[in-house]
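Let me begin by presenting the structure, written as structure tokens, before commenting on it.
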Amino acid sequence: MAKTRERRPTSFYFLAAFFTLFVLFLYGPMLTIFILSFQGENGGLTFPMNGFSFHWFGNLFEQQAVGDFGGSFTRSLKLGLIVMVVTVVVSFMAGLAFRRRFRGDSVIFYLAIASLIVPSILISLGIGLLFNIIEWQPQWFTSALGAHLTWTFPFGLLIMFAVFNRFDPSYEEAARDLGASNWQTIQYVVLPMVGPSLIGVAMFSFTLSYDEFARTLMTAGSLNTLPLEIYGMTTNVTTPVLYALGTVTTGFSFLVIGIALGSVLLMRRRKGQKA
């Protein structure tokens, strides 16, 4: 006897349609930019497409009348890597420190995450004004670095708090009973166990810094990072080369995510082999 198929409620179709619209709203603009970046040599910024070519990707590496693609990308990459390293190291050390209560720990914690509730543009404006008051020239590797850390460090700190709240200290006690020093315990016990989470903090902090606009606006000085360069070009560039730049930078972001996920899978595989 054939089984009768259960009829789905009307709410299922409503939620499915809502989810479809959400996905289109989220990824539709990105897909549009991807498609238009492959316009022909005589193509414009809108549909319909005028041919298909890789012309605008090659044009990225040529001398531009407006915009400094190479320089801004290099600055964003360097800044993102510096922010990533500092965030990972400081978040890990803070996570270790907050495993035990100490005087003033609550005050320090709330001060560390307070920047999350302050509008980003105010952080940027405040740091920029401070550098002007003390007569220091804002630069991407000084004032912009500090502004980005106010954005990435709270996230890294919260992630490490969640990780260490689930961490079993008996592993460390066992290592010390076997004669391991404090550094050896961290190196051979703690770091391998929290390594995937640290990779997540690294990926998260890098992508946040690489794409950050508001906190860089008043702190980057005279040399733009890539988001500032793209924003400045939106009113000057009238060719799909801007779309090609967006496609390349998005692909680079996916590459970073892929490297991070691959590193986590590799660490888990090695851990499984040792077990």
Side-chain angles (χ1 to χ4, degrees), residues 66-98 104-162 198 200-236 242 245-246 249-250 252-253 256-257 260:
V66 179
D68 179 17
F69 297 147
S72 59
F73 173 77
T74 302
R75 285 187 287 273
S76 286
L77 179 61
K78 291 179 179 178
L79 181 58
L81 291 175
I82 296 172
V83 170
M84 179 187 70
V85 172
V86 174
T87 302
V88 169
V89 173
V90 177
S91 297
F92 176 70
M93 296 174 64
L96 290 175
F98 274 86
D105 55 353
S106 297
V107 176
I108 295 176
F109 170 74
Y110 287 116
L111 285 175
I113 66 172
S115 61
L116 293 180
I117 62 175
V118 179
S120 297
I121 191 65
L122 293 183
I123 297 288
S124 177
L125 180 61
I127 294 177
L129 289 175
L130 175 63
F131 269 67
N132 287 331
I133 290 173
I134 61 179
E135 298 182 351
W136 288 2
Q137 181 66 30
Q139 299 286 348
W140 64 267
F141 52 85
T142 55
S143 52
L145 173 61
H148 284 206
L149 288 175
T150 64
W151 183 230
T152 60
F153 175 66
F155 285 107
L157 185 63
L158 293 174
I159 292 173
M160 294 314 301
F161 278 7
L198 289 176
V201 172
M203 180 188 70
F204 199 41
S205 58
F206 177 83
T207 53
L208 284 177
S209 173
Y210 180 73
D211 297 330
E212 181 59 28
F213 173 81
R215 296 182 188 239
T216 320
L217 185 60
M218 304 291 182
T219 59
S222 58
L223 298 176
N224 286 340
T225 59
L226 188 58
L228 295 180
E229 196 72 23
I230 293 176
Y231 178 77
M233 291 168 54
T234 54
T235 57
N236 298 312
L242 187 60
L245 178 62
T249 55
T250 303
F252 178 75
S253 298
V256 172
I257 295 173

Practice item. Under the side-chain contact (heavy atoms from CB on, under 4.5 Å) rule, what do Phe98 and Met160 come out as? Steps first, then yes or no, please. Key: CA-CA 10 Å; Phe98 274 86; Met160 294 314 301; over 6 Å; no
Review point. Checking side chain to side chain contact (heavy atoms under 4.5 Å, CB included) against Phe92, which of Leu198, Thr87, Val201 comes through?
Key: Leu198
Practice item. Decide yes or no on side-chain contact (heavy atoms from CB on, under 4.5 Å) for Ile127 and Met218, but give the supporting numbers first. Key: CA-CA 8 Å; Ile127 294 177; Met218 304 291 182; over 6 Å; no
Point to revise | Nearest-0.5 Å distance that lies between atom CD1 in Ile230 and atom CG in Leu226 | key: 4.0 Å
Practice item. Look at the rings of Phe252 and Phe73 and say which category their plane angle falls in: under 30° parallel, 30 to 60° tilted, over 60° perpendicular. Key: perpendicular
Exercise for review: Calculate, to the nearest 0.5 Å, the distance between atoms NE2 and CD1 belonging to His148 and Ile123 respectively.
Suggested key: 12.0 Å
Review point. Where do Val83 and Leu208 land on the side-chain contact (heavy atoms from CB on, under 4.5 Å) test, with the steps shown first?
Key: CA-CA 9 Å; Val83 170; Leu208 284 177; over 6 Å; no
Review point. Between Leu81 and Phe206, is a side-chain contact (heavy atoms from CB on, under 4.5 Å) present by the stated rule, with each step listed?
Key: CA-CA 6 Å; Leu81 291 175; Phe206 177 83; 4.0 Å; yes
Check your understanding: What are the two closest heavy atoms between Ala112 and Pro154, and how far apart are they?
Key -> O-CG, 3.2 Å
**Study point:** Closest heavy-atom pair and its distance - Glu212, Pro227
**Key:** O-CG, 3.6 Å
Point to revise | Geometric class of the Trp151/Phe155 ring pair [parallel <30°, tilted 30-60°, perpendicular >60°] | key: perpendicular
Review point. What pair of heavy atoms forms the shortest contact from Ala147 to Arg215, and how long is it?
Key: CB-O, 3.3 Å
**Study point:** Heavy-atom check, side chain of Leu149 versus side chain of Val90, under 4.5 Å
**Key:** no
Review point. Hey, does Leu145 have a side-chain heavy atom less than 4.5 Å from the side chain of Ser209?
Key: no
Exercise for review: Enter the distance from Gln139:CD to Arg75:CZ here, rounded to the nearest 0.5 Å.
Suggested key: 10.0 Å
Practice item. Could you tell me whether the side chain of Thr142 reaches within less than 4.5 Å of the side chain of Phe131, counting heavy atoms only? Key: yes
Review point. Of the non-hydrogen atoms in Ser124 and Thr219, which two are nearest, and what is the gap between them?
Key: O-CG2, 3.5 Å
Practice item. Give a yes or no on whether the backbone of Val88 and the side-chain of Ser91 come within a donor-acceptor separation of less than 3.5 Å. Key: no
Exercise for review: Could you tell me which non-hydrogen atom of Leu79 sits nearest to which non-hydrogen atom of Ala144, and how far apart they are?
Suggested key: CD2-CB, 4.4 Å
Check your understanding: Between Ser253 (side chain) and Thr249 (backbone), is there a donor-acceptor pair under 3.5 Å?
Key -> yes
Review point. Is the side chain of Ser115 donor-acceptor paired with the backbone N or O of Thr150 at a distance under 3.5 Å, no angle test?
Key: yes
Review point. How many angstroms lie between CZ in Phe213 and CG in Leu228, if you round to the nearest 0.5 Å?
Key: 5.5 Å
Practice item. Calculate, to the nearest 0.5 Å, the distance between atoms OG and CG belonging to Ser72 and Leu77 respectively. Key: 11.0 Å
Revision key, fill the gap. So CD1 of Ile113 and CZ of Phe161: to nearest 0.5 Å the spacing works out to 8.5 Å
